[in-house]
Amino acid sequence: MKTYELNNGTKVFKYGHPIETGAIVQSKIEKELKEELDILFEKGHAKISIKFLPNDMVYGFGGNLGGINRRGRLYESYCTDEPLHIEDKTKLYSAHNFFIISGKETKGYFIDFPSRIKYDVGYYNENYFNIEIYGEDFYTYIIEGKDAKEVSEKFLEIIGRSYIPPKWAFGYFQSRWGYEDKGKVRKVYETFRKNDIPLEGIFLDLDYMENFKDFTISEERFSGFEDFVEDLKKDGLYLVPIIDAGVKAEEGYHVYEEGIAGDHFCKNEAGDPYEAVVWPGKVHFPDFMKEDTQLWFGSKYKILTDCGIEGFWNDMNEPAIFYEQKALDEAIQYAHEQKDKNLDVFSYFKLKDNFTNLANKDSYYKNFYHEIDGKTVSNDEVHNLYGYYMTKSANLGLSKLLKNKRFLLISRASSIGMHRYGGIWTGDNSSWWSHLEQNIKILPSLNLCGFFNIGGDTGGFGGNCNGELLTRWLQLSIFTPLLRNHSAIGSNNQEPYVFSKEVLKNTRNLIKARYSLIPYIYSEYMKAVNNYTLMFKPLSFEFKGTLVEEVEDQLLLGDQLMLAPVYRSNQRGRYVYFPEDMLEVSFLDRDMATTVRKKGIHYVEYGLEDLKFFIRKNSIIPYVKPSKNVKELDLTDLQLIAYVDDEAFYKLYDDDGKSYDFIEGKSYLTNIKIAKKAEDYKINIDNNNPYIKNINIKIIDSNNNIIHKEI
Ligand code: GLC
């Protein structure tokens, strides 16, 4: 074991010869340290056991199912295409090996290891946190701090600044697998405009491709693509196409031919390109572990950027495998052999399972190989880096192609390190109320692991959404950086206008409210990412006490807001715990009704026609008039709503929203201070944002008295 320290005091322990994943950006300084974890190396695995204290809580593990407090559950890090997000699933698309144990003592742990890790977070034995690492070569990082918030900030610092999308990526996006041609896409756009619903862009699913082939555009269904993109862009509308990990193995197809010629594909044991089956039939997987393959694949995005595209979603990059030919052949063979037999229950199950378990078998990932620094390494050994490196490849390519222009890039699979190259969506959820609830809980966990450009498929991907669920889901997603309504082929449509007039009215107002709040959401995003702080926090990161530790359906957004969405059907409101006095705001009420809520538990009415949030004491929220897209957002008349007890402060961050010039300090700051002085308020504004001309302020005091000010 070798030991090191990072600048911020993080302790680093190196076991064996780990693969360098690139997750950590800070350099390691050799330092002698005492081993802190009890690690047992056995049969090629490493086992760690941590004894819990009764009140320890566990945060982290990013994109997984379960609560904000991860204690009492099983988790597994092995990126998986898991279409059914049900309670007993231990792994989804990501491998986010960072967690904080917080109790009498607080410590953060990061295990930098690219293959399988299993976590029993006090599930089988409530007193122990047992970890099994499927290898002996890895790093552990241990971060100390006075509380979970401090530890999380130190971790964000060592993994480096998260990916920053353009401002237009904060708009509302409509998506669906099944917008099968240009006409359908145009119709969606026109129907949004006709119904006066803001719309920033439409995601293009597999439908736009020629036979599911990456970097092709169907001539039949999307002819004149470039003109189409340009035409929609004139009205400020972006198209965001999907790119899949598997490249169709088909002679004559340019990506396949180039991949073969350039030796870019993962190999099988015999040294030939490995073949598996995904959407287009047989595919090869680019070996993203090789730098020249990263550059090659990244450069292919040019085909679409040349058509004016500035945003992409990378999918199926766990990588998902429907089947290997051999496994399918064996299943078919077995089925033939069972013909005319009188099958008992177990033989019948075997027959059935042979087919239903064909996808993403563990064994497949041992059958193909990457080349790392001239060495051959099975995918299994570096499995969790695949989506990460595909997205890194896209990011490198797009950065070259689009120069100083920011782009939207999200991925399905991820591990820590990828957060610097793109955001993520939470994968194939369903139109279930429980998935709306899950969506609340996943947000702070993802932030803890560095992912900020995040959002779930609003309305749910699988299954049929109804108007009530979509409305309630939007009441949450209005606050997530990525706001996309996406649904699966075969499910009912779930665009805001397909339901009743009432639903249309409510969802339109909600999406408009999103645009009104973009100055705030963008400001909070940028400040969090640039200052290595969390955007979404559990209540327990700011307040103390048993109640806050147990609240899992409320979140803090920035330092100003608390959110408490309704996530059950047939509810007219819900109980909300207020850890301090807060100001309840009905944002969509014509007069923007406010109520002062005293510390404690209150039943808060929350109708489908509203958008509610709770402003913390001495906080200020900026907003503007809604617009149909980000391009038309007008900051001339900035509105502020301030809940002032004695002195409130807000730093509104803004920049051009398009370039990376902010890195050189080219940003606009508006510092607002409102201080109570005797019977009046003293307002200080220090503004260098050239777009803001007038500021209208609504000050609310602790007795709910409202005072208007104009500057
Ligand atoms: C995967 C993606 C989903 C997409 C579908 C078809 O299931 O997660 O978002 O719609 O593939 O491309």
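Just follow the structure's listing: the first ligand is 1, and inside any ligand the first atom is 1.
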Distance filter under 4.0 Å to I242 heavy atoms, resulting ligand 1 atoms: 12 (O)
Under 3.5 Å side-chain donor-acceptor pair for D287 and H370: yes
Location of contacts on W313 toward ligand 1, heavy atoms closer than 4.0 Å: side chain
E495 versus N485, side-chain donor and acceptor atoms under 3.5 Å: no
Set of residues satisfying ring-ring contact (aromatic ring centres under 6.0 Å, His included) with respect to F113, sequence neighbours excluded: none
Within 45° cone and under 6.0 Å: R420 NZ/CZ vs Y163 ring: no
Heteroatom proximity flag, R412 to ligand 1, N/O under 3.5 Å: yes
For atom 9 (O) of ligand 1, closest protein heavy-atom neighbour: H486 NE2, 3.0 Å
Test of proximity, D205 against ligand 1: N or O pairs below 3.5 Å: yes
Protein heavy-atom partner closest to atom 1 (C) of ligand 1 - residue, atom, separation in Å: D315 OD2, 3.0 Å
Within 45° cone and under 6.0 Å: R406 NZ/CZ vs W168 ring: no
Within 45° cone and under 6.0 Å: K182 NZ/CZ vs F222 ring: no
Distance from atom 8 (O) of ligand 1 to nearest protein heavy atom, with residue and atom: D428 OD1, 2.5 Å
